[in-house]
**Student:** 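Can you keep this structure in mind? I'll have questions shortly.
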Amino acid sequence: GGNYLLGTARVHAHYMKAQHDKSAGGASRQSDAVWAFGVTYPLTPALTLRAAYYRDGGSDVGGASGRDGTRSTALLMGDYALSKRTSLNMGVFRNGLSGAFTTDPTSLSVLGLINPTTKAISGSSSTGVAVGMTHRF
């Protein structure tokens, strides 16, 4: 991965390839190719906007051969500096699943798309908002 300052905007991109054993008998290893790109732009000295997109292309999802899918996340964030050490931040994000990830219990649970009691699946995408305060010591 890397980043580059383009005028006052900073653009960034990265790529990662990972394999891990999620099979129940070692039959197959899940492989994930994750890439991302984004931009950070200071609107004023106190207000910074960030936008990014992340995509995970999974093969052999859950350790099952031939089960492929995609997870994606898009986000827009703002950070307002109250002082050198304290800032307020807010973000909106959209997550989506397709292919084999729409039935993957881990992906569904992380996105809040599966009821832990009934195991009912409530969709393949979610949208959320995050609000917070950061103080650096």
Side-chain angles (χ1 to χ4, degrees):
N3 64 77
Y4 183 76
L5 189 59
L6 192 62
T8 58
R10 182 167 299 277
V11 294
H12 60 87
H14 81 261
Y15 176 81
M16 175 185 72
K17 180 83 172 173
Q19 280 192 333
H20 48 277
D21 188 3
K22 290 186 83 174
S23 64
S28 187
R29 298 185 74 162
Q30 180 171 323
S31 176
D32 293 280
V34 181
W35 56 268
F37 63 88
V39 64
T40 300
Y41 184 76
L43 288 176
T44 70
L47 182 60
T48 302
L49 289 181
R50 291 179 183 86
Y53 179 76
Y54 300 84
R55 181 183 166 105
D56 173 2
S59 299
D60 300 338
V61 173
S65 293
R67 289 182 33 106
D68 300 338
T70 303
R71 291 184 279 211
S72 61
T73 300
L75 63 92
L76 180 61
M77 293 182 63
D79 192 58
Y80 185 79
L82 298 172
S83 68
K84 252 185 184 183
R85 294 180 159 192
T86 305
S87 61
L88 301 175
N89 42 66
M90 181 178 171
V92 177
F93 54 88
R94 175 84 173 161
N95 299 295
L97 304 172
S98 67
F101 283 122
T102 61
T103 57
D104 178 50
T106 303
S107 298
L108 292 165
S109 294
V110 168
L111 297 183
L113 296 172
I114 190 167
N115 183 318
T117 306
T118 66
K119 307 295 185 213
I121 297 171
S122 62
S124 62
S125 63
S126 65
T127 302
V129 176
V131 178
M133 176 183 273
T134 303
H135 182 74
R136 297 159 195 86
F137 291 96

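When a residue number appears, it is its place in the shown sequence, counting from 1.
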**Student:** Output the distance between atom CG (L97) and atom OG (S124), rounded to the nearest 0.5 Å.
**Tutor:** 6.5 Å
**Student:** Would you call N95 and R71 a side-chain contact if the rule is heavy atoms closer than 4.5 Å?
**Tutor:** no
**Student:** Would you say K84 has more than 12 foreign heavy atoms packed within less than 6.0 Å of its NZ?
**Tutor:** no
**Student:** So, taking the atom named CZ in R136 and the one named OG1 in T86, what distance separates them when rounded to the nearest 0.5 Å?
**Tutor:** 7.5 Å
**Student:** Charged N to carboxylate O under 4.0 angstrom, R67 versus D104?
**Tutor:** no
**Student:** Report whether F93 and Y53 are members of the same hydrophobic cluster (ILVMFWY, side-chain heavy atoms less than 4.5 Å apart, transitive linking).
**Tutor:** no
**Student:** Are there more than 12 heavy atoms of other residues, nucleotides or ligands under 6.0 Å from atom OH of Y80?
**Tutor:** no
**Student:** Testing the basics here: between S122 and G112, what is the closest heavy-atom pair and its distance to 0.1 Å?
**Tutor:** OG-O, 4.2 Å
**Student:** Any chance the side chains of S72 and R55 put a donor and an acceptor closer than 3.5 Å?
**Tutor:** no
**Student:** Is the OH atom of Y4 crowded by more than 12 outside heavy atoms at less than 6.0 Å?
**Tutor:** no
**Student:** Do L75 and M77 come within less than 4.5 Å of each other through their side chains, counting heavy atoms only?
**Tutor:** yes
**Student:** Out of curiosity, does L47 fall in the hydrophobic cluster containing M133 (side-chain heavy atoms, cut-off under 4.5 Å, transitive links)?
**Tutor:** yes
**Student:** Minimum heavy-atom separation for H12 to A52, with atom names?
**Tutor:** CE1-CB, 4.4 Å
**Student:** Measure the CG-OG distance between L82 and S87 for me, rounded to the nearest 0.5 Å.
**Tutor:** 7.0 Å
**Student:** Working to the nearest 0.5 angstrom, can you tell me the gap between W35 CH2 and Y54 OH?
**Tutor:** 12.0 Å
**Student:** Side-chain heavy atoms under 4.5 angstrom apart, residues restricted to Ile, Leu, Val, Met, Phe, Trp, Tyr: same cluster for F37 and M16?
**Tutor:** no
**Student:** Side-chain heavy atoms nearer than 4.5 Å, only ILVMFWY residues, links allowed to pass through others: does that put V39 and L6 together?
**Tutor:** yes
**Student:** Please round to the nearest 0.5 Å and tell me the distance separating atom OG of S126 and atom CZ of R94.
**Tutor:** 7.0 Å
**Student:** Is L76 linked to V129 within one hydrophobic cluster, defined over Ile, Leu, Val, Met, Phe, Trp and Tyr using a side-chain heavy-atom separation of less than 4.5 Å?
**Tutor:** no
**Student:** Is a side-chain donor or acceptor of D60 paired with a backbone partner of G66 at a separation under 3.5 angstrom?
**Tutor:** yes
**Student:** Please identify which of these residues, T48, L49, T8, meets the side-chain contact (heavy atoms from CB on, under 4.5 Å) condition with T40.
**Tutor:** T48
**Student:** Return the CG to CD distance between D32 and Q19, rounded to the nearest 0.5 Å.
**Tutor:** 9.5 Å
**Student:** Show the nearest heavy-atom pair for residues A100 and V61, with the distance to one decimal.
**Tutor:** CB-CB, 3.8 Å
**Student:** Using the side-chain contact (heavy atoms from CB on, under 4.5 Å) definition, which of the options T106, L108, D56, D68 pairs with F101?
**Tutor:** D56
**Student:** Donor-acceptor pair, Q30 side chain versus G62 backbone, under 3.5 Å?
**Tutor:** yes
